[in-house]
Each structure stands twice: as C-alpha cells, then as structure tokens.
Enquirer: 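Can you read through this structure? Questions will come right after.
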Amino acid sequence: MAAALELSCWGGGWGLPSVHSESLVVMAYAKFSGAPLKVSVIDNTWRGSRGDVPILTTDDNIVSQPAKILNFLRKQKYNADYELSAKQGADTLAYIALLEEKLLPAVLHTFWVESDNYFTVTKPWFASRIPFPLSLILPGRMSRGALNRILLTRGGPPLYHIQEVEAQIYRDAKECLNLLSNRLGTSHFFFGDTPSTLDAYVFGFLAPLYKVRFPKVQLQVHLKQLSNLCRFCDDILNSYFRLSLGDG
C-alpha cells in the first residue's frame with residue numbers, strides 16, 4: 001500500500017484552490033500525475049511557526065519546497081513528464097528557471113511589497129488564517145522574506161533598493177508573459193495535449209496573478225491581454241479543480 005501523502009498548504013479564494021503560487025504548483029502537479037494527496041488547508045488552528053509551506057508529509061518524510069516535493073512524488077512513481085522527450089525535459093528546466101528569475105519577483109512584489117495590495121488584500125487574507133498571536137507577526141515576516149528574495153535575485157549593484165528595481169521587475173515580468181504566450185500559442189498545454197511539470201509551474205505562478213482582486217493591477221492588466229494564458233488558467237481550473245474549489 002502506498003504511503004499516505006498529506007500536503008499542508010495555503011487555501012483558496014477568488015475561485016482558486018490556493019492563492020499561494022508555490023502551493024498551487026504542487027497541487028496542480030499532483031492532479032496532473034495522479035498523486036493521491038490529502039490536502040490540509042492551513043487555518044487559524046495551524047500549529048506551524050513559519051510560512052514555509054507547502055509541506056508534504058508522509059509516514060516517514062517531511063518535504064518542503066515545490067521542486068523537492070515534485071522530485072519526491074516522481075520517486076513515488078507519480079510522474080507527469082513520462083511522455084516528454086529529452087529536449088522537452090531540458091526546455092522544462094530552462095523555462096522554470098526563467099519563471100523564477102523573471103516572473104516570480106513581480107508576483108512577490110504584487111502580493112507582498114506593493115503597499116496597497118499588501119495592506120488591503122494580502123495581509124488580511126493570510127492573517128485571518130493564522131492563529132493569534134502569530135497572525136500579528138507572520139504576515140510581516142513573509143513580506144520581508146519576499147522583499148529579501150526579490151533583492152537577492154535583482155538587487156545587485158547598482159540596484160540596491162526596491163524602488164530602483166521595481167520598474168525593471170515589471171518589465172522583465174511582462175517580457176516573460178509575452179514569451180510564455182508565444183510559446184503556448186493555441187496549444188492546450190506547453191508540450192501538447194497532456195499537462196506536465198512546466199504547466200504546473202506556469203499555472204501556479206499565473207493563476208493568483210490572474211484571479212486575485214488587487215487595487216494595484218499593472219501586471220494583471222498585461223496578463224489579461226494575453227488571452228491564451230488566461231484560457232490556459234481557466235481550463236486547468238475547470239478540468240482539474242472544479243469539484244474542489246472553495247472561496248475560502
């Protein structure tokens with residue numbers, strides 16, 4: 001009998017099974033590969049002390065970080081990439097690196113650094129799901145972590161401050177979205193008719209940007225002009241998550 005697989009992750013809202021990109025990556029990959037995850041949504045009874053989710057727990061393993069969780073699932077024979085060629089496998093790694101370098105900083109900035117978005121949407125949403133008194137501390141810690149992550153990847157000389165890198169972050173993100181749109185074209189998924197690891201990553205990064213209602217939406221506006229990427233997100237939501245959606 002296969003080991004029980006339990007995923008602790010942030011929950012959903014705005015028609016999404018999770019509003020958290022890295023949780024969504026793992027949830028989508030599990031759907032694509034047939035991994036029987038028991039999803040445990042974090043709420044205000046959560047006993048964790050940090051925001052380092054998603055976390056996969058089995059009988060004798062605790063795995064965090066999407067890439068490590070996906071590798072673990074592949075070792076358990078839940079592989080969404082069986083049909084990919086060696087070149088497509090290499091392309092997958094290249095595109096994931098591109099997403100993390102060019103798109104993730106803008107997603108983090110949209111959620112955690114842009115002050116209007118953070119104070120009106122992100123902070124209240126996450127705080128409502130974290131037990132007191134951690135709810136007073138953890139959102140701010142997550143915001144600082146997001147800022148540090150942005151600056152680590154983008155803040156080398158001469159760009160030291162978030163104000164200096166902000167315009168470049170959004171330029172890079174828009175270029176990345178354009179590239180993804182051109183690569184997807186009219187296909188259902190990035191490598192044909194079957195979803196794979198790359199589709200899980202793209203969906204995880206794009207869907208919150210597409211669906212969450214923010215007051216400051218410059219990247220969302222650009223994404224919504226790329227109709228094939230929006231259709232891609234909608235198709236995955238409708239095909240794989242329709243029965244499990246809650247507005248959390």
Side-chain angles (χ1 to χ4, degrees), residues 9-25 28 42 51 53 98-130 135-156 158-181 201-234 236-237 245-248:
C9 62
W10 295 107
W14 296 279
L16 298 171
S18 175
V19 303
H20 180 242
S21 284
E22 293 181 329
S23 296
L24 267 185
V25 169
I42 287 169
V53 292
L98 180 75
L99 286 165
E100 292 181 338
E101 180 185 349
K102 301 293 189 183
L103 186 58
L104 181 59
V107 174
L108 291 173
H109 190 279
T110 297
F111 271 81
W112 294 102
V113 180
E114 168 55 62
S115 60
D116 285 353
N117 293 347
Y118 174 71
F119 285 108
T120 62
V121 176
T122 309
K123 182 179 179 181
W125 190 95
F126 280 87
S128 71
R129 285 149 177 83
I130 301 170
S135 58
L136 302 178
I137 302 165
L138 188 54
R141 185 184 298 167
M142 293 169 73
S143 176
R144 289 190 296 277
L147 177 59
N148 288 337
R149 195 165 171 182
I150 293 169
L151 291 176
L152 276 173
T153 56
R154 310 311 306 277
L159 303 175
Y160 291 103
H161 304 293
I162 192 63
Q163 292 82 4
E164 295 174 302
V165 301
E166 184 176 331
Q168 186 64 49
I169 286 169
Y170 283 101
R171 275 197 300 273
D172 286 351
K174 289 173 183 177
E175 288 177 7
C176 183
L177 291 176
N178 292 341
L179 186 66
L180 291 172
S181 178
Y201 270 90
V202 174
F203 173 74
F205 282 38
L206 293 191
L209 207 54
Y210 173 38
K211 293 291 189 180
V212 176
R213 290 189 287 274
F214 287 118
K216 292 289 183 68
V217 293
Q218 63 163 307
L219 197 56
Q220 188 178 74
V221 167
H222 188 80
L223 173 57
K224 287 185 175 180
Q225 293 170 349
L226 303 170
S227 58
N228 63 337
L229 294 181
C230 297
R231 186 262 310 154
F232 168 85
C233 292
D234 286 331
I236 290 176
L237 287 168
L245 291 182
D247 201 46

Enquirer: Atom NZ of residue position Lys123 - does it have more than 12 heavy atoms of other residues, nucleotides or ligands inside 6.0 Å?
Expert: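 Open: at most 12 neighbouring heavy atoms sit under 6.0 Å from NZ of Lys123.
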
Enquirer: Check side-chain contact (heavy atoms from CB on, under 4.5 Å) between Ala173 and all other residues, then give those that pass, not counting sequence neighbours.
Expert: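 side-chain contact (heavy atoms from CB on, under 4.5 Å) list for Ala173, sorted by chain: Leu103, Ala106, Leu219.
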
Enquirer: When the ring planes of Tyr118 and Trp112 are compared, do they come out parallel, tilted or perpendicular, using 30° and 60° as the limits?
Expert: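 Plane angle between 30° and 60°, so tilted.
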
Enquirer: Is the side chain of Gln220 donor-acceptor paired with the backbone N or O of Val212 at a distance under 3.5 Å, no angle test?
Expert: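 Yes; judged by distance alone, with no hydrogens or angles, the pair exists.
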
Enquirer: Check whether any side-chain heavy atom of Pro17 sits under 4.5 Å from a side-chain heavy atom of Leu237, and report yes or no.
Expert: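 In short, these two side chains touch, coming nearer than 4.5 Å.
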
Enquirer: Check whether any side-chain heavy atom of Glu166 lies under 4.5 Å from a side-chain heavy atom of His109, and answer yes or no.
Expert: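 Result yes, sub-4.5 Å side-chain heavy-atom pair found.
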
Enquirer: With Arg144, which residues qualify under salt bridge (charged side-chain N to carboxylate O under 4.0 Å, His left out), at least two apart?
Expert: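 Arg144: no salt bridge (charged side-chain N to carboxylate O under 4.0 Å, His left out) contacts found.
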
Enquirer: Do the non-hydrogen side-chain atoms of Ile130 and Trp10 ever get within less than 4.5 Å of each other?
Expert: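 A side-chain contact under 4.5 Å exists here.
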
Enquirer: Quick one: does any side-chain atom of Asn228 pair with a main-chain N or O of Ser181 as donor and acceptor, under 3.5 Å?
Expert: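 Yes: the side chain of Asn228 pairs with the backbone of Ser181.
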
Enquirer: Less than 4.5 Å apart, any side-chain heavy atom of Leu99 and any of Leu180?
Expert: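 The answer is yes, as the side chains (C-beta and beyond) meet within the 4.5 Å cut-off.
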
Enquirer: Of all residues at least two apart in sequence or in a different chain, which pass the side-chain contact (heavy atoms from CB on, under 4.5 Å) check with Glu22?
Expert: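 Here the qualifying residues are His20, Pro54, Pro66, Arg149.
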
Enquirer: If we ignore hydrogens and angles and just use 3.5 Å, is the side chain of Asn117 paired with the main-chain N or O of Lys216 as donor and acceptor?
Expert: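 Yes, the answer is positive, given that a donor and an acceptor are paired below the 3.5 Å cut-off.
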
